[in-house]
Amino acid sequence: MTTNLLDYDLEGLTAFCEQLGQKRFRATQLFRWIHQKGASDFEQMTDLAKSLREKLAGAAHIQGLNVVSRHDSSDGTIKWLFDVGAGDVIETVFIPETGRGTLCISSQAGCAVGCRFCSTGHQGFSRNLTTGEIISQLWFAEHFLRKHLGRDERIISNVVMMGMGEPLQNYSQLLPALKVMLDDHGYGLSRRRVTVSTSGVVPMIDRLARDCPVALAVSLHAPNDALRSNLVPLNKKYPIAELLDACARYQSAAPRDFITFEYCMLEGVNDQPEHARQLVALMKTHAANGLSCKFNLIPFNPFPASGLLRSEMPQVLAFAKILLDAGIITTVRKTRGDDIDAACGQLAGDVQDRTGVDQRMAAQRQGMLGGIKVVVVNRDTV
Ligand code: SAH
Ligand code: SF4
């Protein structure tokens with residue numbers, strides 16, 4: 001089997017080309033062909049000498065993922081399922097908006113963290129994606145969309161690592177993929193427009209700060225350790241205080257002047273005024289360590305096996321008001337692509353068992369078809 005060039009960032013590709021006796025600038029040319037022009041065939045690369053193209057064809061290939069299916073939502077959101085072998089399927093979601101296009105990318109097949117409210121978590125962990133499999137989602141989507149929409153210019157302006165999997169539990173494969181996204185010879189995305197979302201892998205937050213400080217979103221979901229450990233089992237290993245300390249440290253390297261905290265609103269579980277007041281107190285304590293935050297309240301997307309329900313909107317707004325009154329910037333995320341199960345936490349492939357859903361959950365799923373009325377931001381504005 002030859003080498004898949006999608007597995008390399010520019011540094012890796014340069015080393016590979018050097019092994020073939022090629023100068024550095026050849027690697028840059030090749031990298032631009034792959035990522036900026038979407039080339040998958042060396043014969044297309046007409047400014048490379050024929051002898052080099054033949055050498056490359058003998059030593060390497062450019063192979064993206066196999067598409068299982070594509071689902072187009074009425075709101076313009078597109079979801080792809082990709083086959084990553086051995087029965088594993090991952091998902092990628094494109095969310096268009098005026099002036100920007102966001103791609104939500106998966107980092108693992110399944111997830112080992114096992115959050116109670118997440119269908120990927122319920123599915124369990126299958127395996128880490130390779131760098132090539134992570135970047136292929138962007139490579140494929142960007143070049144597909146240019147053709148599909150008949151446009152020459154860049155379509156995807158933002159990437160969020162909010163698909164399946166915990167990106168910071170697949171750090172070694174994630175890092176080169178992030179570098180390709182940021183590289184001016186690759187996708188040239190700014191650090192502010194690439195967001196890693198994590199359930200709180202503390203040591204890796206520090207490494208990301210050193211290696212590649214992109215925007216950070218932290219999935220908090222609870223204001224105290226007892227509740228958070230119940231919802232996000234990783235909290236037992238890295239409790240809230242340690243997590244928030246890591247966030248404060250991250251901030252000095254971060255491209256934005258705040259960390260985004262995601263908070264999935266679960267009816268009767270974490271959505272009471274008392275929880276909001278605890279959050280305010282928690283954030284005040286950590287503000288003293290230099291942490292500044294923004295909250296993004298996410299309406300829970302219900303799925304049968306969770307046994308959980310989405311908080312009603314008045315509850316969400318009352319919660320938001322307590323945070324806002326305390327001076328914490330707070331938004332409520334608008335759900336997108338619900339009619340194709342592309343919303344957060346629904347990225348587990350086929351959402352099974354629609355028949356067994358209890359009536360209220362069924363109603364909530366129905367209600368999602370139109371999206372919620374109160375908006376405020378989309379997934380890409382994290
Ligand atoms: N593992 C990472 C990134 C992927 S999950 C993380 O947990 O941050 C991306 C976001 O979707 C997280 O904030 C997660 O809490 C949220 N999410 C998961 N399941 C959800 C659901 N059923 N409804 C709404 N949001 C959900
Ligand atoms: Fe994994 Fe994130 Fe889902 Fe938790 S919310 S199970 S960390 S993908």
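Note that the structure is predicted; figures quoted are calculated from it, not measured. We count ligands from 1, going down the list as the structure has it; atoms in each ligand are counted the same way.
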| request: Give the atoms of ligand 1, by number and element, whose distance to some non-hydrogen atom of Cys264 is under 4.0 Å. | output: 23 (N), 24 (C), 25 (N)

| task | Say whether Ile329 and Val316 are linked into one hydrophobic cluster, either directly or through other cluster members, by side-chain heavy-atom distances under 4.5 angstrom. | result | no

| said: Applying side-chain contact (heavy atoms from CB on, under 4.5 Å) to Val280 and Arg277, what does each step give before you reach the verdict? | reply: CA-CA 5 Å; Val280 169; Arg277 286 192 286 270; 5.6 Å; no

| Does ligand 1 have any atom sitting under 4.0 Å from a heavy atom of His221? | yes

| request: Starting at CD1 of Ile328, measure out to CE of Met283 and round the result to the nearest 0.5 Å. | output: 6.5 Å

| said: If you apply the rule salt bridge (charged side-chain N to carboxylate O under 4.0 Å, His left out), what do you find for Asp325 with Lys321, and how did you get there? | reply: CA-CA 6 Å; Asp325 286 348; Lys321 186 167 187 308; 2.8 Å; yes

| What's the shortest distance from atom 2 (Fe) of ligand 2 to any protein heavy atom, and which residue and atom give it? | Gly165 O, 4.4 Å

| said: With heavy-atom distances below 4.0 Å as the criterion, list the atoms of ligand 1 near Met162. | reply: 4 (C), 9 (C)

| task | Output the list of atoms in ligand 1 that are nearer than 4.0 Å to some heavy atom of Met161, sorted by atom number. | result | 3 (C)

| field | side chain to side chain contact (heavy atoms under 4.5 Å, CB included) partner of Thr120, the single match among Met164, Glu91, Glu166 | value | Met164

| Would Ile322 end up clustered with Leu317 when hydrophobic side chains under 4.5 Å apart are linked, directly or stepwise? | yes

| remark: A student checking ligand 2 against Ser199 at a 4.0 Å heavy-atom cut-off should list atoms 7 (S)

| message | Quick one, Arg154 with Glu142, criterion salt bridge (charged side-chain N to carboxylate O under 4.0 Å, His left out). Give me CA distance, side-chain angles, the key distance, then yes/no. | response | CA-CA 7 Å; Arg154 185 169 80 181; Glu142 173 66 33; over 6 Å; no

| request: Report, in ascending order of atom number, the atoms of ligand 1 lying under 4.0 Å from any heavy atom of Thr198. | output: 6 (C), 8 (O)

| Does ligand 1 have a heavy atom under 4.0 Å from the side chain of Asn301, from its backbone, from both, or from neither? | both

| Got Gln63 and Ser136 here, is their nearest side-chain heavy-atom distance under 4.5 Å? | no

| field | Min heavy-atom dist Arg310 to ligand 1 below 4.0 Å | value | no

| Are more than 12 heavy atoms from other residues, nucleotides or ligands located less than 6.0 Å from atom CZ of Arg70? | yes

| Any non-hydrogen atom of Ser306 lying under 4.0 Å from ligand 1? | no

| query | Is the shortest N/O to N/O distance between Phe300 and ligand 1 below 3.5 Å? | reply | no

| query | Under 3.5 Å, is there a donor-acceptor pair between the side chain of Lys55 and the main chain of Leu20? | reply | yes

| N/O/S atom of Cys118 inside 2.8 Å of atom 3 (Fe) of ligand 2, strictly under | yes

| So do the side chains of His286 and Asn289 get within less than 4.5 Å of each other, counting heavy atoms only? | yes

| query | Considering only heavy atoms of Gly163, which atoms of ligand 1 have at least one such atom less than 4.0 Å away? | reply | 4 (C)

| message | I'd like to check whether Gly165 has a polar contact with ligand 1, where a contact means an N/O of the residue lying under 3.5 Å from an N/O of the ligand. | response | yes

| note | shortest atom 1 (Fe) of ligand 2-to-protein heavy-atom contact is with Cys111 SG, 2.3 Å

| request: Any atoms of ligand 1 less than 4.0 Å from a non-hydrogen atom of Glu262? List them with their elements. | output: 13 (O)

| note | Within 4.0 Å of some non-hydrogen atom of Gly121, the atoms of ligand 2 are 6 (S)

| query | Which of the atoms of ligand 1 are close to Cys118, meaning less than 4.0 Å from one of its heavy atoms? | reply | 18 (C), 19 (N)

| Side chains of Thr102 and Glu97: is there a donor and an acceptor less than 3.5 Å apart? | no

| message | I want to confirm something. Looking only at heavy atoms, which of Cys115, Gly114, Gly110 is nearest to atom 4 (Fe) of ligand 2? | response | Cys115

